[in-house]
Trainee: 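Dumping the structure here so I can ask a few things about it.
Keep in mind that what you see is a predicted model, and the values were worked out from it rather than measured. Side chains included, hydrogens not; waters and symmetry mates left out as well; all remaining heavy atoms used.
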Amino acid sequence: MFNDASATKQPTYYEEVERKGYSRREFVSFVAMMTAFLGLEKSAIGQVAKALETKSRIPVIWLHFQECTCCSESFIRSSHPIVADILLDKISLDYTETLMAASGFQAEAAMKNTMTKYKGEYILCVEGSVPTGADGVYCMIGGKTSMQILQEAAEGAKAIIAWGSCASNGCVQSAKPNPTNATPIHKLIKGKPIIKVPGCPPIGEVMAGVIVHLVTFGKIPELDRLGRPKAFYSKRVHDSCYRRPFYDAGLFVETFDDENAKKGYCLYKVGCKGPSTYNACGVMKWNNGTSYPIQSGHPCIGCSEENYWDNGRLYERASAFAGFGIEANADTLGKAALAATGVAIAAHAVATNVRKHNLIFELEKEGKQSEHELES
């Protein structure tokens with residue numbers, strides 16, 4: 001459990017909301033949005049609101065290693081201003097190379113102070129993979145390798161959040177031949193709760209949802225077998241895709257400029273990895289809930305899945321997809337659907353004939369019995 005007793009003198013989240021000039025309505029709107037994203041019942045809105053009204057901010061150290069900073073960019077561009085303005089600004093983000101004003105010795109002193117003052121209480125967020133090749137010289141900060149920094153910061157952390165695919169599974173840095181020996185966080189740190197939030201980048205609201213869950217319930221969210229929050233990674237992009245009916249009907253885009261593309265058919269043949277990618281893109285979407293890659297006409301590249309960079313070309317369809325109990329590729333899906341329809345029709349006809357035969361048999365039996373009774 002996350003005990004914020006050591007941070008009792010810090011302002012609560014709601015106090016910071018008020019200080020920033022947000023109205024009660026805006027606060028409740030934010031709470032309702034986060035509650036829905038977390039997959040909680042409507043009755044939980046009050047619980048989330050109370051937690052943000054009464055609990056002090058959680059101390060956070062946010063490290064950057066081998067990455068492009070897209071996770072931080074996604075977070076600060078969340079659809080609701082309170083996410084960046086309050087959660088990011090006021091969770092006691094004591095150290096982050098990207099956003100903090102301090103630099104050099106002052107920055108390192110801020111991190112050291114948080115690690116000492118809030119030992120066992122702070123959350124360690126890590127963005128980027130860690131290079132372990134050549135004794136870690138490929139990524140060094142303040143004279144220390146990223147591996148040394150990670151180990152020192154992880155020792156006193158209450159939990160670790162691996163932001164993005166780089167920290168969660170190594171991402172493009174660990175693609176073959178992986179010259180720096182880029183390694184995800186869970187393979188380097190043991191004995192600590194680790195929450196993986198993959199994606200390149202993850203959706204900003206997903207990142208905010210993880211923080212809100214920690215604040216509200218004082219524990220990490222329910223995770224799947226890969227360590228990802230089930231609230232956001234329990235379903236495939238394919239399952240919530242509005243183009244799914246075209247997939248089921250065997251109607252596919254063959255090239256990006258063909259008539260099928262203009263009709264909005266399924267993008268599976270041009271490389272869409274939606275059937276094998278677990279993420280909330282189709283439900284939460286991006287840019288204030290405006291759209292997501294598939295909706296804009298681009299196939300899902302599967303960026304939240306492990307080894308997506310080594311699983312074939314981005315615009316090349318998967319050779320097969322085991323989604324129906326047997327393997328069936330895109331060329332045969334339409335035929336399979338047609339065949340299944342034919343089989344269903346035939347089965348219905350057979351069943352109907354069987355029922356008619358049984359009815360006729362019973363009528364003949366009754367007729368013979370009546371005839372026998374009359375003769376007697």
Side-chain angles (χ1 to χ4, degrees), residues 2 11-58 60 62 70-93 123 125 161 163-164 195 197-199 201-223 228-235 237 239-242 278-296 304:
F2 292 87
T12 67
Y13 293 94
Y14 183 62
E15 288 173 344
E16 290 296 337
V17 166
E18 288 186 313
R19 192 178 70 83
K20 284 283 186 176
Y22 290 101
S23 67
R24 179 70 182 180
R25 181 183 294 274
E26 289 171 318
F27 172 72
V28 172
S29 172
F30 166 73
V31 170
M33 180 184 76
M34 285 291 105
T35 302
F37 286 159
L38 287 168
L40 302 174
E41 295 182 0
K42 187 177 180 180
S43 58
I45 292 178
Q47 186 176 1
V48 175
K50 183 177 180 180
L52 295 177
E53 288 172 341
T54 59
K55 293 187 177 181
S56 301
R57 59 194 182 124
I58 299 174
V60 172
W62 190 312
C70 65
C71 300
S72 295
E73 293 286 349
S74 178
F75 197 19
I76 63 177
R77 283 164 175 74
S78 171
S79 61
H80 202 292
I82 288 181
V83 171
D85 208 11
I86 302 300
L87 288 183
L88 186 61
D89 187 31
K90 297 304 175 186
I91 52 176
S92 185
L93 192 56
I123 302 300
C125 297
I161 303 176
W163 290 137
I195 308 169
V197 187
I203 302 171
E205 287 75 23
V206 170
M207 301 172 73
V210 173
I211 295 291
V212 170
H213 190 286
L214 291 172
V215 173
T216 303
F217 301 105
K219 60 182 180 180
I220 65 175
E222 185 180 3
L223 308 178
R228 305 173 299 190
K230 284 187 176 181
F232 307 111
Y233 296 94
S234 61
K235 293 183 178 180
V237 173
D239 298 326
S240 58
C241 182
Y242 72 99
Y278 288 80
N279 212 330
C281 299
V283 177
M284 303 176 72
K285 301 185 179 182
W286 297 77
N287 302 320
N288 298 328
T290 302
S291 180
Y292 69 111
I294 293 175
Q295 188 173 339
S296 68
S304 57

Trainee: Run the numbers on Tyr233 and Val206 for side-chain contact (heavy atoms from CB on, under 4.5 Å), then give the verdict.
Mentor: CA-CA 10 Å; Tyr233 296 94; Val206 170; 4.1 Å; yes
Trainee: Would you say the side-chain atoms of Ser74 pair up with the backbone N or O of Pro202, donor to acceptor, closer than 3.5 Å?
Mentor: yes
Trainee: May I ask you to test the Ile211-Ile161 pair for a side-chain heavy-atom distance under 4.5 Å?
Mentor: yes
Trainee: Is any side-chain heavy atom of Trp286 less than 4.5 Å from a side-chain heavy atom of Pro293?
Mentor: yes
Trainee: Could you work out, with side-chain hydrogen bond (donor to acceptor under 3.5 Å, both in side chains) as the rule, every residue matching Ser43, not counting sequence neighbours?
Mentor: none
Trainee: Taking only residues two or more places apart in sequence, or in another chain, which ones meet Glu222 in a salt bridge (Lys or Arg N to Asp or Glu O under 4.0 Å)?
Mentor: Lys230
Trainee: Name all residues meeting the side-chain hydrogen bond (donor to acceptor under 3.5 Å, both in side chains) criterion together with Lys235; count only those two or more places apart in sequence or in a different chain, and write none if there are none.
Mentor: none
Trainee: Considering only heavy atoms from C-beta outward, does the side chain of Cys125 approach that of Val60 to under 4.5 Å?
Mentor: yes
Trainee: Just jot down the side chain to side chain contact (heavy atoms under 4.5 Å, CB included) partners of Ala44, sequence neighbours excluded, or say none.
Mentor: Thr35, Leu40
Trainee: Would a 4.5 Å heavy-atom cut-off, applied to side chains only, mark Trp163 and Trp62 as touching?
Mentor: yes
Trainee: With rounding to the nearest 0.5 Å, note down the distance linking OH in Tyr242 to CD1 in Ile294.
Mentor: 8.0 Å
Trainee: Quick one: do Val17 and Leu52 satisfy side-chain contact (heavy atoms from CB on, under 4.5 Å)? Show the steps, please.
Mentor: CA-CA 10 Å; Val17 166; Leu52 295 177; over 6 Å; no
Trainee: Can you see which heavy atom on Gly164 is nearest to which on Cys71, and at what distance?
Mentor: CA-SG, 3.6 Å
Trainee: Is there a side-chain contact (heavy atoms from CB on, under 4.5 Å) between Met34 and Phe30 once you walk through the steps?
Mentor: CA-CA 6 Å; Met34 285 291 105; Phe30 166 73; 3.6 Å; yes
Trainee: Who passes side chain to side chain contact (heavy atoms under 4.5 Å, CB included) against Thr12, sequence neighbours left out?
Mentor: Tyr14, Glu15
Trainee: Let me confirm one number: the SG-CD distance from Cys281 to Gln295, rounded to the nearest 0.5 Å.
Mentor: 11.5 Å
Trainee: Identify, with sequence neighbours excluded, every residue that meets side chain to side chain contact (heavy atoms under 4.5 Å, CB included) alongside Ala231.
Mentor: none
Trainee: According to side-chain hydrogen bond (donor to acceptor under 3.5 Å, both in side chains), who are the partners of Glu53, at least two apart in sequence or on a separate chain?
Mentor: Arg24
Trainee: Among residues at least two apart in sequence or on other chains, which ones pass side chain to side chain contact (heavy atoms under 4.5 Å, CB included) with Tyr278?
Mentor: Arg228, Arg236, Glu305
Trainee: Grab the two heavy atoms, one from His213 and one from Leu38, that are nearest each other, plus how far apart they are.
Mentor: CB-CD2, 4.1 Å
Trainee: Quick one: CG on Asn279 to CD1 on Ile203, what's the gap to the nearest 0.5 Å?
Mentor: 5.0 Å
Trainee: Output, in order, the C-alpha distance, side-chain angles, deciding distance and verdict of side-chain contact (heavy atoms from CB on, under 4.5 Å) for Met284 and Tyr292.
Mentor: CA-CA 9 Å; Met284 303 176 72; Tyr292 69 111; over 6 Å; no
Trainee: Does Lys55 reach the main-chain N or O of Tyr13 with its side chain, forming a donor-acceptor pair under 3.5 Å?
Mentor: no
Trainee: Using every non-hydrogen atom in the two residues, find where Val210 and Pro229 come nearest and quote the distance to one decimal.
Mentor: CG2-CG, 4.1 Å
Trainee: Can you name the nearest heavy-atom pair linking Val212 to Val48, along with the distance?
Mentor: CG1-CG1, 3.9 Å
